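Let me begin by presenting the structure, written as structure tokens, before commenting on it.
As a basis for the values below, the full set of heavy atoms in this structure was taken, side chains included, without hydrogen atoms, waters or symmetry mates. What you are looking at is a predicted structure, and each value in this text was computed from that prediction instead of being measured.
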Amino acid sequence: MTQSAQDPMAIKAAVQAHYGEAIRAGTSCCGGETSTEILLHGAETLASLPEGVVTTSFGCGNPLALASLAPGEVVLDLGSGGGLEVLLAAQRVGPTGFAYGLDMTDAMLETARANAAKAGATNVDFLKGDIEAIPLPDHSVDVIISNCVINLVPDKSLVFNEAFRVLKPGGRFSVSDIVFDGDLADLPVSEAQLRAALSWAACFAGALTRNEYQTMLTEAGFERVDLLVTQRYTLDDLRAQGSEMLVGLPDEVLPMLEGRVTSMTITAWRPLA
């Protein structure tokens, strides 16, 4: 694979700077008349949070919709940002459950902790660290959620191995992510050329293909892996994420990308034994 051919530390630094500035500016990941967080979670759900909680979202889906959280469960949000989905998860697992958020960006953690204080949430904790090295014990989590974050990591296999490690036997993995639907080998440019024309911080350059996602989760030990397309991005969608997007690609490649970049929900289970 060439998706991590660039310097991993440079990628992480660029991603950290991009999202740190975004949360300070109060912007979400996408433009449009309706905010991303309302599109993903709905106004009624967000209304359950107290006034003053920052609900800015940088996600591409709603992993909570498939996670089927139950009272008393322990949830971990990989790349928890401003803490929106951690707070929503904490409501669903109730006072007997617990919700962790994990993020590497100080500005995100500061916002998330302030949000938790405003919400009076006592069953949450926000941890600083990388999702490739989760600072929690083995078999300590019932459910892992994440929203458009795993694509930002240069080495996804580390993330999947760590997710498997911290999940309890029978635990579940329920995330939303950017995924290429189809094999990139049929394009008239190399995978390296394609990814160089996309943006890591905008979530597209580091995306796995559907087959890669399936294979890597299976190799980490997961079973019942399922990927479902929730949105297909047009060329205009891709360009809207950054002015540099797609620059340098031959004209004949562009129509072949239409709808090939997608948002997907990905679910998988750690076996009971």
Co-membership, hydrophobic cluster, residues L217 and V229, 4.5 Å side-chain: yes

Interatomic distance, I131 atom CD1 to S146 atom OG [nearest 0.5 angstrom]: 5.5 Å

To check you understand the geometry: which heavy-atom pair defines the closest contact between G101 and V86, and what is its length? CA-CG2, 3.7 Å

Donor-acceptor pairs under 3.5 Å, side chain of residues 68-80 to any protein atom, not counting sequence neighbours: which ones?
residue	atom	partner	partner atom	Å
E73	OE1	A70	N	2.9
E73	OE1	R172	NH2	2.9
E73	OE2	R172	NH1	3.0
E73	OE2	R172	NH2	3.3
S80	OG	L102	N	3.1

Kindly give the heavy-atom pair with the smallest separation between A67 and I145, and that separation in Å. CB-CG2, 4.1 Å

Where at least one partner belongs to residues 254-273, residue pairs that pass ring pair (Phe, Tyr, Trp, His ring centres under 6.0 Å), sequence neighbours excluded: none

Looking at residues at least two apart in the chain, or sitting in another chain, which of them share a side chain to side chain donor-acceptor pair (under 3.5 Å) with T265? none

Residues 173-182 side chain polar contacts: donor-acceptor under 3.5 Å, at least two apart:
residue	atom	partner	partner atom	Å
S174	OG	P63	O	3.2
S176	OG	N62	N	3.4
D177	OD1	N151	N	3.3
D177	OD1	N151	ND2	2.5
D177	OD2	N151	N	3.4
D177	OD2	Y213	OH	2.7
D181	OD1	R210	NE	3.1
D181	OD2	R232	NH1	3.0
D181	OD2	R232	NH2	2.8

Sequence neighbours excluded, the answer for side chain to side chain donor-acceptor pair (under 3.5 Å) partners of D251 is none

Shortest non-hydrogen contact between P188 and E252, atoms and distance: CG-CG, 4.2 Å

For the CE atom of M256 and the CZ atom of R260, what is their distance to the nearest 0.5 Å? 5.5 Å

So, taking the atom named CG in N211 and the one named CG in L227, what distance separates them when rounded to the nearest 0.5 Å? 9.0 Å

Across all chains, not counting sequence neighbours, the side chain to side chain donor-acceptor pair (under 3.5 Å) partners of T262 are none

Is S140 reaching over with its side chain to a backbone N or O of P137, donor-acceptor style, under 3.5 angstrom? yes

Donor-acceptor pair, D130 side chain versus E132 backbone, under 3.5 Å? no

Could you check whether any side-chain heavy atom of V93 comes within less than 4.5 Å of a side-chain heavy atom of N123, counting everything from C-beta outward? yes

Residue pairs fulfilling ring pair (Phe, Tyr, Trp, His ring centres under 6.0 Å) with at least one residue in residues 127-151, sequence neighbours excluded: none

For the atom pair CG (L235) and CD (E258), what is the distance rounded to the nearest 0.5 Å? 4.0 Å

For I150 and K156, the nearest pair of non-hydrogen atoms, with its separation, is O-CE, 3.3 Å

Mind jotting down which residue pairs meet the side chain to side chain donor-acceptor pair (under 3.5 Å) criterion with at least one end in residues 219-231? Sequence neighbours excluded, please. none

Might you work through the side-chain contact (heavy atoms from CB on, under 4.5 Å) test for V149 and N147, ending with a clear yes or no? CA-CA 6 Å; V149 172; N147 199 347; 5.6 Å; no

Any salt bridge (Lys or Arg N to Asp or Glu O under 4.0 Å) pairs touching residues 261-273, not counting sequence neighbours? none

V253 and L184: same hydrophobic cluster, using ILVMFWY side-chain contacts below 4.5 Å? yes

Do V189 and V261 sit in the same hydrophobic cluster, where Ile, Leu, Val, Met, Phe, Trp and Tyr count as joined when their side-chain heavy atoms come under 4.5 Å apart? yes

Check this for me, if you would: do D103 and K128 make a salt bridge, where the nitrogen-to-carboxylate-oxygen distance has to be below 4.0 angstrom? no

Separation of L152 CG from M104 CE (nearest 0.5 Å): 7.5 Å

For P255, what residues pass the side-chain contact (heavy atoms from CB on, under 4.5 Å) criterion, not counting sequence neighbours? none

With sequence neighbours excluded, give me every ring pair (Phe, Tyr, Trp, His ring centres under 6.0 Å) pair touching residues 86-106. F98-Y100

Without swapping roles, check the side chain of N115 against the backbone of A112 for a donor-acceptor pair under 3.5 Å. no

Listing, residues 158-168 side-chain donor-acceptor contacts under 3.5 Å, not counting sequence neighbours, or none:
residue	atom	partner	partner atom	Å
N161	ND2	S157	O	3.2
E162	OE1	I134	N	2.7
E162	OE1	R165	NH2	3.0
E162	OE2	R165	NE	2.8
R165	NH1	L136	O	2.9
R165	NH1	D138	OD1	2.7
R165	NH2	I134	O	2.9
R165	NH2	L136	O	3.1
K168	NZ	D142	OD1	3.4
K168	NZ	D142	OD2	3.4

For the CE atom of M216 and the OG1 atom of T209, what is their distance to the nearest 0.5 Å? 9.5 Å

Looking at P135 and L127, what are the two nearest heavy atoms and their distance? CG-CD1, 4.1 Å

Distance-minimising heavy-atom pair for I266 and M264: CD1-O, 3.6 Å

Considering only heavy atoms from C-beta outward, does the side chain of L187 approach that of L257 to under 4.5 Å? yes

Side chain R195, main chain A207, donor-acceptor under 3.5 Å: yes

Does a side chain donor of either S190 or Q193 reach within less than 3.5 Å of an acceptor in the other side chain? yes

Using side-chain heavy atoms (C-beta onward) and a distance below 4.5 Å, is D237 in contact with T234? yes

